[in-house]
Undergrad: 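Here it is: the structure, laid out below.
In what follows, residues are counted from 1 in the order of the sequence shown.
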Amino acid sequence: VEFENVKQIIYNSAQKYENQIAFVIKHQENKKVSYENITYKQFLEDINKFGTALYNMGLKGKRVAIIGKNRYEWVLAHFANLLGAIVSVPLDKDLQYDELESSIIRSKADCIIFDEKLEEKIKKIKNENKTYLTNYICMSEMEGYKNVKELVTEGEKLLKEGKDEYINAQIDENKMNIILFTSGTTSASKIVALSHKNICSNLMDIASVLDVNSQDTFLSFLPLHHVFECTVGFLLSLYTGAQTVFCRGIRHMVEDIKEHKVSVMASVPAIYEGIFKNIRKQLEKQGKLQEILEKEELCKNLSMEEKKKAFKEIHDMLGGNMKLMISGAASLNSEIEERYRKLGLNLVQGYGLTETSPVVAVGTKKAYKVGSIGKTVPSVEAKLVDVNEEGIGELVVRGPSIMLGYYENEEANKESLKEGWFYTGDLAKIDEEGYIFICGRKKSVIVLKNGKNIFPEEMENLVNKIEGIKESFIFGKIQSNDANNIKINVKIVFDRDVIKDVYKVEKDEDIYKVLSKKIKEVNQTMPSYKAIRGIMLTEEPLIRTTTNKIKRQENLDAIRKCEN
């Protein structure tokens, strides 16, 4: 069935999977652990009760912002907005106060539903009174604020009294119903306007190519204000009748995967690298690493199912049920990707943007190549423009999931939406079979004197493979005031403990010598014009957005400041 709006999807699932569990909520007070299961039927009832209370507060047709960690109340608030044609404004819980206030003002939100941990910021916003907010709702009980539970109870009474305006709300699938901020600093972040149609068409696409069903358990980990998590995370789960569990945090991730026997997860490359290191450590402890490495070689031509049986003990470390891991938001190290697949763990890359609601392409069981983001999903078309002699051009896409536009930003719309095509700002190659390979951001390419292009992301992946290096930042440095003469340099964030352990050195100058030697080895694997000529070492992490993307300009500014 093709659904036009999210309301149809939720009603369909509530009917089809009525008594199946949609959400498992783990409650932990001191050592006492309990579980709460929310069925599909109950979820829809909660949405209708809460939404009815929102209408009663005068929020029909208004804008409601949501901010907090991944939890049931967050999901409930978002769907109550969507099913009542209230504009939903998911906000990043990690925003600094000024950015948060600016986002609330720019989105013209009338109400905010917030996590109790953010009470201080919310209190300040309320006291300073610079926003359009008239209502403040806390996700848990807190003095001085209405809370979600209380409003659900209030909505239940209103429904019994025959107040059915919310339940009967009509959805215009082509109208703006979600506004999201792209990651970036306040001034640079744009507001993306999405409709039900955008989200639904993308959801239908993803569901048609990914092997997901009502027997699956999804792990919700990436922030919910992120459209990747919103669509590929829990909306896909709700559409297919699966159940969702909320990850308690990065430290508990492997534990949560194991406990809930998670079968599907969507995350970022750093998480998969972390899980991989965790598995490796356990194997080293058990003295089994060498044996597994030899077995990998012997089993390399087996099918994924056969590998799963061959490496049962590794699958058991992840609960024994994992069948699909999707990596997005940044490029995945091909070596890590291959290692997962050698162990029978189906790790694929997906690619999308907030502006594309979000998925443009994804690797699947049938259509897969290492290093590729797969092929476009069924209703999205992609092509390259301004292609150079290496076959690299800017990726442009079109289809029903492309945003309505940037909210109140005509200039940005003119720049990125041309004749129905959305200009992604990413450079890519597309092979003869239609597989897309992302090369890097158009804005971050370094152009050398000989006209050659350097993609920092590609080189950072190579540098980051060196043991003892946490992360790196490739940049071009102008030589002796000649703007055309640029040499490639790298800023390296190293891990002192790992370096001491692996290379047996402790002094800064010895660390520099060891890492210089390693960089020379990397240089030998590529053309001389790409060679890294200068190295900076630090233990300070790079400046990143809250979605973990490197802020290139700010890191560059910090480097220049140090040099001056």
Side-chain angles (χ1 to χ4, degrees), residues 5-6 54 59-67 77-96 98-113 125 130-135 171-202 223-231 235 352-360 396-425 545-547 549:
N5 63 55
V6 176
L54 292 179
L59 291 165
K60 178 187 174 180
K62 297 287 177 78
R63 297 177 184 192
V64 174
I66 313 167
I67 187 165
H78 184 55
F79 280 94
N81 287 342
L82 295 187
L83 269 62
I86 292 167
V87 176
S88 201
V89 187
L91 295 173
D92 181 349
K93 70 174 178 15
D94 295 324
L95 288 175
Q96 297 298 326
D98 293 350
E99 293 185 307
L100 175 59
E101 186 180 57
S102 159
S103 301
I104 294 169
I105 293 167
R106 288 174 68 199
S107 66
K108 301 190 173 89
D110 302 277
C111 168
I112 190 161
I113 299 170
I125 281 168
K130 289 180 192 166
T131 68
Y132 303 94
L133 293 174
T134 49
N135 290 286
I171 306 295
D172 179 344
E173 48 265 2
N174 297 305
K175 242 178 117 176
M176 174 176 89
N177 213 163
I178 304 176
I179 54 183
L180 291 160
F181 287 82
T182 59
S183 51
T185 53
T186 318
S187 54
S189 69
K190 299 185 190 94
I191 305 176
V192 174
L194 299 179
S195 67
H196 276 260
K197 188 182 178 180
N198 291 152
I199 296 288
C200 288
S201 69
N202 202 244
L224 284 172
H225 73 273
H226 213 283
V227 68
F228 184 46
E229 178 69 9
C230 242
T231 311
L235 192 48
L353 303 103
T354 309
E355 292 89 338
T356 56
S357 320
V359 181
V360 166
V396 302
V397 295
R398 73 174 173 195
S401 56
I402 306 303
M403 63 170 176
L404 299 172
Y406 292 116
Y407 177 67
E408 294 188 341
N409 193 341
E410 271 321 298
E411 202 181 312
N413 286 332
K414 272 184 204 152
E415 217 172 280
S416 57
L417 292 164
K418 295 169 193 170
E419 291 164 13
W421 292 91
F422 171 68
Y423 284 64
T424 66
T545 66
T546 54
T547 50
K549 292 189 180 96

Undergrad: Which residues satisfy the side chain to side chain donor-acceptor pair (under 3.5 Å) test with S88, sequence neighbours excluded?
TA: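 Scan of S88 (side chain to side chain donor-acceptor pair (under 3.5 Å), adjacent residues dropped) gives H78, N81.
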Undergrad: Spell out, as yes or no, whether a donor-acceptor pair under 3.5 Å connects the side chain of S195 to the backbone of M176.
TA: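 No, because the side chain of S195 does not come within donor-acceptor range (under 3.5 Å) of the backbone of M176.
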Undergrad: Search all heavy atoms of T354 against all heavy atoms of L194 and return the closest pair with its distance.
TA: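 It is O-CD2, 3.9 Å.
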Undergrad: State the CD-CG distance between E355 and N198, to the nearest 0.5 angstrom.
TA: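 If I round to the nearest 0.5 Å, the distance is 11.5 Å.
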Undergrad: Which residues satisfy the side chain to side chain contact (heavy atoms under 4.5 Å, CB included) test with N409, sequence neighbours excluded?
TA: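 With neighbours one apart ignored, the set is K190, Y406, E411, A412.
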Undergrad: I'd like to know if the side chain of N202 and the backbone of V359 have a donor-acceptor N/O pair within less than 3.5 Å.
TA: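 Pair found, side chain donor or acceptor close to backbone of V359.
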Undergrad: Measure the CZ-OG distance between F181 and S107 for me, rounded to the nearest 0.5 Å.
TA: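 OG of S107 is found 5.0 Å from CZ of F181.
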Undergrad: Can you name the closest pair of heavy atoms from A65 and A109 and give their distance?
TA: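 That closest heavy-atom pairing would be CB-CB, 4.0 Å.
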Undergrad: Can you sort out the partners of K60 under salt bridge (charged side-chain N to carboxylate O under 4.0 Å, His left out), two or more places apart, ordered by chain and number?
TA: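 K60: salt bridge (charged side-chain N to carboxylate O under 4.0 Å, His left out) contacts with E165.
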Undergrad: Got a sec, which residues hit side chain to side chain contact (heavy atoms under 4.5 Å, CB included) with T131, two or more places apart in sequence or on another chain?
TA: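 In terms of side chain to side chain contact (heavy atoms under 4.5 Å, CB included), with neighbours along the sequence ignored, T131 is linked to E101, I104, I105, I125, L133, Y136.
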Undergrad: Which residues pass the side chain to side chain donor-acceptor pair (under 3.5 Å) test with H196, not counting sequence neighbours?
TA: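 Here the qualifying residues are N177.
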Undergrad: Among I199, V87, V227, L404, find the residue that satisfies the side-chain contact (heavy atoms from CB on, under 4.5 Å) test when tested with I178.
TA: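 Only one of I199, V87, V227, L404 forms a side-chain contact (heavy atoms from CB on, under 4.5 Å) with I178, namely I199.
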Undergrad: Quick check for you: to the nearest 0.5 Å, what is the distance between L235 atom CG and E229 atom CD?
TA: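 L235 atom CG to E229 atom CD measures 11.0 Å (nearest 0.5 Å).
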Undergrad: Sequence neighbours left out, what passes side chain to side chain contact (heavy atoms under 4.5 Å, CB included) with T356? Give chain and number order.
TA: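 Result, side chain to side chain contact (heavy atoms under 4.5 Å, CB included) vs T356: L353, V360, V397, I402, F422.
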Undergrad: So L54 and K62, side-chain contact (heavy atoms from CB on, under 4.5 Å) or not? Walk me through it.
TA: CA-CA 10 Å; L54 292 179; K62 297 287 177 78; over 6 Å; no
Undergrad: Are I66 and V89 close enough that some pair of their side-chain heavy atoms sits under 4.5 Å apart?
TA: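 Result no, sub-4.5 Å side-chain heavy-atom pair not found.
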Undergrad: Can you give me the closest heavy-atom contact between S357 and S401, atom names plus distance?
TA: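 In this case the closest contact between S357 and S401 is OG-O, 2.6 Å.
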Undergrad: Is there a side-chain contact between L100 and L91 in this structure, where contact means two heavy atoms from C-beta onward sitting under 4.5 Å apart?
TA: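 With C-beta onward as the side chain, the pair touches.
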Undergrad: Sorted by first residue and then second, give each salt bridge (charged side-chain N to carboxylate O under 4.0 Å, His left out) pair with at least one member in residues 412-422; sequence neighbours left out.
TA: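 Sorted pair list comes back empty.
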Undergrad: Could you pull out all residues at least two apart from D92 that satisfy side chain to side chain donor-acceptor pair (under 3.5 Å)?
TA: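 Listed in chain order: T546.
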Undergrad: What heavy-atom pair brings G405 and L417 nearest, and what distance separates the two atoms?
TA: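 Between these two residues, the closest heavy atoms are CA-CD1, 4.1 Å.
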Undergrad: Taking only residues two or more places apart in sequence, or in another chain, which ones meet E408 in a side chain to side chain donor-acceptor pair (under 3.5 Å)?
TA: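 Expected list: K108.
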Undergrad: Heavy-atom distance under 4.5 Å between the side chains of L180 and P90, does that happen here?
TA: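 The answer is yes; the side chains approach within 4.5 Å.
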Undergrad: Please confirm whether the backbone N or O of D110 pairs with a side-chain atom of T134, one donor and one acceptor, at under 3.5 Å?
TA: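 Present.
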Undergrad: With the side chain counted from C-beta on, respond yes when V6 and F79 share a heavy-atom pair under 4.5 Å apart, and no when they do not.
TA: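 In short, these two side chains touch, coming nearer than 4.5 Å.
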Undergrad: Can you find a heavy atom in the side chain of S189 that is under 4.5 Å from one in the side chain of R106?
TA: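 A side-chain contact exists here, since the closest heavy-atom pair is under 4.5 Å.
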Undergrad: How long is the span from the CG atom in L95 to the CD1 atom in I67, to the nearest 0.5 Å?
TA: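 Rounded to the nearest 0.5 Å, the CG-CD1 separation comes to 6.0 Å.
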Undergrad: R398: which residues meet the salt bridge (charged side-chain N to carboxylate O under 4.0 Å, His left out) condition with it, sequence neighbours left out?
TA: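 Only E381 meet the salt bridge (charged side-chain N to carboxylate O under 4.0 Å, His left out) criterion with R398.
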